[in-house]
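The structure appears right after this line, and notes come after that.
Just so you know, residue 1 is the first one in the sequence shown, and it goes up from there.
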Amino acid sequence: MKLNMRNSIAAIAMPALLLTYHACKKDDNNSNPYTPPSQNTTSVQLASTAKFGSILTDSAGRTLYFFAIDANGNSGCTGGCVAAWPVFYKAQPTLAAGLNAADFSTITRTDGTPQTTYKGWPLYYYASDPKAGDINGDGVGGTWFVAKPDYSIMLASQQLTGLDGIQYTSEHVPGQEVTQYFTDAYGRTLYTFSPDKFKKNNFTKADFSNDPVWPMDTLSSIKNVPSLLDKTQFDTLLVFGRVQLTYKGWPLYYFGKDSATRGNTRGVSFPQPGVWPIARKDITIAPM
C-alpha cells in the first residue's frame, strides 16, 4: 500500500467518511450468521460469526474495530474521521470470559479524550453498523479490521523510519510514504532476510547466539489473520529444533533494536537498507 505522506490522511479518511453515508447495507445478508453475546453488563464481549469467528463487541453486541494507521498505539483517526469511526471507551471495562484484562488499557487522544485499547490497538465503532451483529466496516480503505481476540498477524500502515533516523519508502530508499506491513498481534514489526531461501533460515546460528539481534518469530501456528491476507500463505519451519513462522516461504523475524516496541521499524536500515525488508503482503515468494 503506497500513499504520499502529504495526501495520506485525506486518502484514508475520505473513503471512511463517504462510506458513513453511502455504505451498502447488509441487513438482509444472511451469509454471515451471528451469535450475539449474552445480554449482561459486560463492557467487552465476544460474539461468534460464521465469517470472522470470534469478534469483540460492546455490551450491546455492537462490533469493535482496529485501525492499521494506529501502529504506534496512538489514534490516527481524528477530526472528521471520528464521525465515521466513533471512539470506544470504558473507564474500567468488565470482560467476557476468555479475555485477559492485561490486554486492555487506555490512551489519551490528541483532543484530550480517553480511548480503550486492546493489545495496544485503539478500539472503534463503525457508524454504518446501525445494530448489533453488523460488520460493515471490515476491510474499509484497506486499513480497518474487525477486532478479534485471536489475530496471529496484524497489518500496520505508517511511515517507515530506520535505526539511522532516516525515513524510508516500501522499496527501502529514502523518502516519505505510508507503507503497509506485517506485525504480530501486539503491533511489533516483522521482517524478512534477503539471503534466506524458501523455508530456509540462513541467518540464525545453531547455538542461537545471534538470535537476540534478529529474534525469530517463533509462533507455532496461525490462528487468524486480517481479511485482506491469505492465511494459507503462512507456514512454519524448524530451525535447529525451534519453530519459526514463515510467509510465502520467507522466515519471519523481529529486530532486537526495535526493543519489542510497537510501531518501531528501525530494522529497515540495519545494517543497510534492503538487507532486512519489512514483511509485506505483496512480497514475492521466497526463492528455492
Side-chain angles (χ1 to χ4, degrees), residues 1-8 11 68-69 71-72 142-143 152-184 186-206 208-219 222 225-226 228-230 233-237 239-240 242 244-288:
M1 177 180 179
K2 299 183 180 179
L3 296 173
N4 182 275
M5 283 295 288
R6 181 178 298 176
N7 299 320
S8 62
I69 301 299
N72 64 3
T143 55
S152 300
I153 294 289
M154 267 300 295
L155 288 169
S157 298
Q158 70 167 8
Q159 173 68 55
L160 305 179
T161 302
L163 185 65
D164 55 8
I166 296 174
Q167 294 183 330
Y168 289 90
T169 71
S170 58
E171 300 302 321
H172 300 91
V173 297
Q176 293 185 330
E177 176 192 315
V178 174
T179 296
Q180 189 166 87
Y181 60 92
F182 293 175
T183 75
D184 66 8
Y186 293 89
R188 296 173 295 211
T189 304
L190 295 172
Y191 302 83
T192 60
F193 183 43
S194 293
D196 281 350
K197 302 298 182 183
F198 190 88
K199 298 186 73 172
K200 177 68 169 66
N201 177 329
N202 286 322
F203 173 77
T204 306
K205 295 180 179 180
F208 296 99
S209 59
N210 61 349
D211 192 63
V213 182
W214 290 96
M216 300 188 309
D217 184 340
T218 55
L219 191 68
I222 288 286
V225 299
L228 295 186
L229 301 180
D230 180 357
Q233 297 282 359
F234 293 88
D235 203 349
T236 59
L237 76 155
V239 181
F240 305 116
R242 295 185 187 178
Q244 184 175 16
L245 188 65
T246 68
Y247 175 70
K248 291 185 177 179
W250 290 101
L252 297 179
Y253 305 80
Y254 297 99
F255 182 42
K257 291 189 177 181
D258 277 345
S259 303
T261 300
R262 62 181 301 125
N264 281 351
T265 58
R266 297 168 178 168
V268 297
S269 67
F270 184 85
Q272 62 188 34
V275 176
W276 290 88
I278 212 91
R280 296 187 292 142
K281 175 186 176 182
D282 58 357
I283 194 171
T284 58
I285 296 174
M288 300 299 290

Any Leu228 side-chain heavy atom under 4.5 Å of Leu155 side chain: yes
If every non-hydrogen atom of Gly249 is compared with every non-hydrogen atom of Ala286, which pair is closest and at what distance? C-CB, 3.7 Å
Checking Asp211 side chain against Met216 main chain: does a donor-acceptor pair fall under 3.5 Å? yes
Measuring from atom CG of Asn201 to atom CD of Gln244, what distance do you get when rounded to the nearest 0.5 angstrom? 4.5 Å
Does either side chain, that of Asp258 or that of Thr261, offer a donor lying less than 3.5 Å from an acceptor on the other one? no
Scanning both residues in full, the closest heavy-atom pair of Pro215 with Gly256 reads CD-N, 3.7 Å
Name the residue from Asp196, Thr192, Thr189 that meets the side-chain hydrogen bond (donor to acceptor under 3.5 Å, both in side chains) definition with Tyr253. Asp196
Without swapping roles, check the side chain of Tyr247 against the backbone of Lys281 for a donor-acceptor pair under 3.5 Å. yes
Side chains of Thr161 and Arg266: closer than 4.5 Å at any heavy-atom pair? no
Set of residues satisfying salt bridge (Lys or Arg N to Asp or Glu O under 4.0 Å) with respect to Lys248, sequence neighbours excluded: none
Just so I know, are the side chains of Tyr181 and Thr265 near enough to count as touching, which here means a heavy-atom distance under 4.5 Å? yes
Using a distance-only test with no angle check, is there a side-chain donor-acceptor pair under 3.5 angstrom linking Asn72 and Gln158? no
Ring pair (Phe, Tyr, Trp, His ring centres under 6.0 Å), paired with Trp276, selected from Tyr191, Phe255, Phe270, Phe193: Phe193
Before accepting this row, confirm whether a basic side-chain N of the pair Lys199/Asp235 lies closer than 4.0 Å to the acidic partner's carboxylate O. yes
Backbone of Thr179 reached by a side-chain donor or acceptor of Gln159 within 3.5 Å: no
Can you tell if the side chain of Lys205 reaches within under 4.5 Å of the side chain of Asn210, non-hydrogen atoms only? yes
Quick one: CD1 on Ile278 to OG on Ser170, what's the gap to the nearest 0.5 Å? 10.0 Å
Would a distance-only check, ignoring hydrogens and angles, find a side-chain to backbone donor-acceptor pair under 3.5 Å from His172 to Val275? no
Whether the Gln180 and Ser157 side chains hold a donor-acceptor pair (N or O, under 3.5 Å, no angle test) is what I'd like checked. yes
Given side chains that start at C-beta, do those of Arg188 and Tyr254 come closer than 4.5 Å, heavy atoms only? yes
Taking the side chain as C-beta and beyond, is there a heavy-atom pair between Thr236 and Thr246 under 4.5 Å? no
Shortest non-hydrogen contact from Val225 to Ile222? CG1-CG2, 3.7 Å
In Å, rounded to the nearest 0.5 Å, how long is the span from CG of Leu252 to CD1 of Ile153? 6.0 Å
Any side-chain heavy-atom pair from Tyr168 and Pro174 closer than 4.5 angstrom? yes
Check: Thr204 and Trp214 side chains under 4.5 Å, non-hydrogen atoms: no
Is there a donor-acceptor contact under 3.5 Å from the side chain of Arg262 to the main chain of Tyr186? yes
Considering all heavy atoms, the nearest Lys200-Asn202 contact: NZ-OD1, 3.0 Å
Provide the closest heavy-atom pair for Val239 versus Phe208 in the form atom of the first, atom of the second, distance. O-CZ, 3.4 Å
Under 3.5 Å, is there a donor-acceptor pair between the side chain of Trp250 and the main chain of Thr284? yes
CG/Leu163 to OG/Ser269 distance, rounded to the nearest 0.5 angstrom? 5.0 Å
